[in-house]
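The block underneath contains the structure these notes are about, expressed in structure tokens.
Just so it is clear, the values below take in all heavy atoms, side chains as well, and ignore hydrogens, waters and symmetry mates.
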Amino acid sequence: MRTGHQGTGPGPFTPDGCAVELYSRLPVGDAPDVISAAVPAGAHILELGSGVGRMTHPLLERGFTVTAVDESAEMLERVRGARTIRSTIEDLDLGERFDVVMLASFLVHTGDPEERQALLRSCVRHVEKDGCVLMQREGADYHTNVPRERVDPSGFTIRIVSSEPVGDGVNSVHAEYEFPDATWTQTFLARPLTKEQFEEALAEAGLEVDSYLTEDGVWVRAVPAK
């Protein structure tokens, strides 16, 4: 496990505390529709941090070509129908460029600013000059509206139990996922970013916001800076 990250529950875990079996169960929500509306039909998408393919599979069904990248072999074993590459995002250098690069799961909120810049540089390294980068960022009240819980229609409960400052602008977040037959927890480090801080981080890596795709500002389309 990475420092500050932990997970509990059945089955294998990734270095950042994600449970493979848990992420195989979680619904994908409306993310595939948001993505489909924001990019050209049939685009080739580089999905950074694909996990078990929660978004990969719906995007394939919508006619996109997907290259799925994850550092966890156990996660990638669950991906079907896409080219898979086992690698950390920061170290990835395929020598290829893609219509769309996707950095979801709030990865841009990593606690380490140097790691964040490495993630963003990987996006820039792999996106076509006229392509775009789709990112998912935390909602405005992600760290302040705690504790909170939501019961999913499929029958499990997700709780954000706490978000506690641990220094240098970083919070330790503790989440619980309770299913009828199993419970998982995940503790991870996250750095809250204002809209201005987020856009400054993108600019430092050579990206600029093209549009905020959802009303809550969680999904963002960025493009290489001109």
Whether the side chain of [X] engages the backbone of [Y] through a donor-acceptor N/O pair (distance < 3.5 Å, no angle test) should be reported.
| X | Y | value |
| --- | --- | --- |
| Asp70 | Gly51 | yes |
| His109 | Arg191 | yes |
| Ser50 | Gly53 | no |
| Asp210 | Val223 | no |
| Ser36 | Pro32 | yes |
| His5 | Met1 | no |
| Arg150 | Thr157 | no |
| Glu115 | Asp112 | no |

Validation row: [X], [Y] side chains within 4.5 angstrom (heavy atoms):
| X | Y | result |
| --- | --- | --- |
| Ile158 | Glu176 | no |
| Tyr212 | Lys195 | yes |
| Phe13 | Trp184 | yes |
| Asn171 | Pro192 | yes |

[X] versus [Y], closest heavy-atom pair with distance:
| X | Y | result |
| --- | --- | --- |
| Arg83 | Phe98 | NH1-CZ, 4.3 Å |
| Asp16 | Arg2 | CB-NH1, 3.5 Å |
| Met135 | Val108 | SD-CG2, 4.5 Å |

Excluding sequence neighbours, so at least two apart, what forms side chain to side chain donor-acceptor pair (under 3.5 Å) with [X]?
| X | value |
| --- | --- |
| Asp33 | Arg62 |
| Ser72 | Glu74 |
| Asn145 | none |
| Ser172 | none |

Kindly indicate, with the supporting measurements, whether the criterion side-chain contact (heavy atoms from CB on, under 4.5 Å) is fulfilled by Ile85 and Thr67. CA-CA 7 Å; Ile85 296 172; Thr67 294; 3.8 Å; yes
Verdict with supporting geometry, Glu71 and Arg86, salt bridge (Lys or Arg N to Asp or Glu O under 4.0 Å): CA-CA 5 Å; Glu71 66 177 328; Arg86 184 184 180 190; over 6 Å; no
Scan residues 51-60 for pairs that pass side-chain hydrogen bond (donor to acceptor under 3.5 Å, both in side chains), counting only residues two or more places apart or in two chains.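 Counting only pairs at least two positions apart or across chains, the side-chain hydrogen bond (donor to acceptor under 3.5 Å, both in side chains) contacts touching residues 51-60 are Glu47-Thr56.
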Looking just at side-chain N and O atoms, do [X] and [Y] make a donor-acceptor pair shorter than 3.5 Å?
| X | Y | answer |
| --- | --- | --- |
| His174 | Thr185 | no |
| His143 | Glu138 | yes |
| Arg221 | Ser211 | yes |

When rounded to the nearest 0.5 Å, the distance separating CG of Leu46 from CD1 of Ile89 is 9.0 Å
Should Gln186 and Cys18 be marked as a side-chain contact (heavy atoms from CB on, under 4.5 Å) after you check the CA-CA gap, both sets of side-chain angles, and the distance that decides it? CA-CA 7 Å; Gln186 183 177 5; Cys18 294; 3.3 Å; yes
Could you walk me through whether Thr144 and Asp141 pass the side-chain hydrogen bond (donor to acceptor under 3.5 Å, both in side chains) test, one step at a time? CA-CA 5 Å; Thr144 55; Asp141 63 349; 5.6 Å; no
Validate the cation-pi geometry between Arg25 and Phe179: distance from NZ or CZ to the six-membered ring centre under 6.0 Å, angle to the ring axis within 45°. yes
Single-linkage hydrophobic cluster Val166~Val161, side-chain heavy atoms < 4.5 angstrom: no
Hydrophobic cluster mates of Phe64, side-chain heavy atoms under 4.5 angstrom, ILVMFWY only, any path? Val28, Val34, Ile35, Val39, Ile45, Met55, Leu59, Leu60, Val66, Val100, Met102, Phe106, Leu134, Tyr142, Val146, Ile160, Val173, Phe188, Leu213, Val218, Trp219
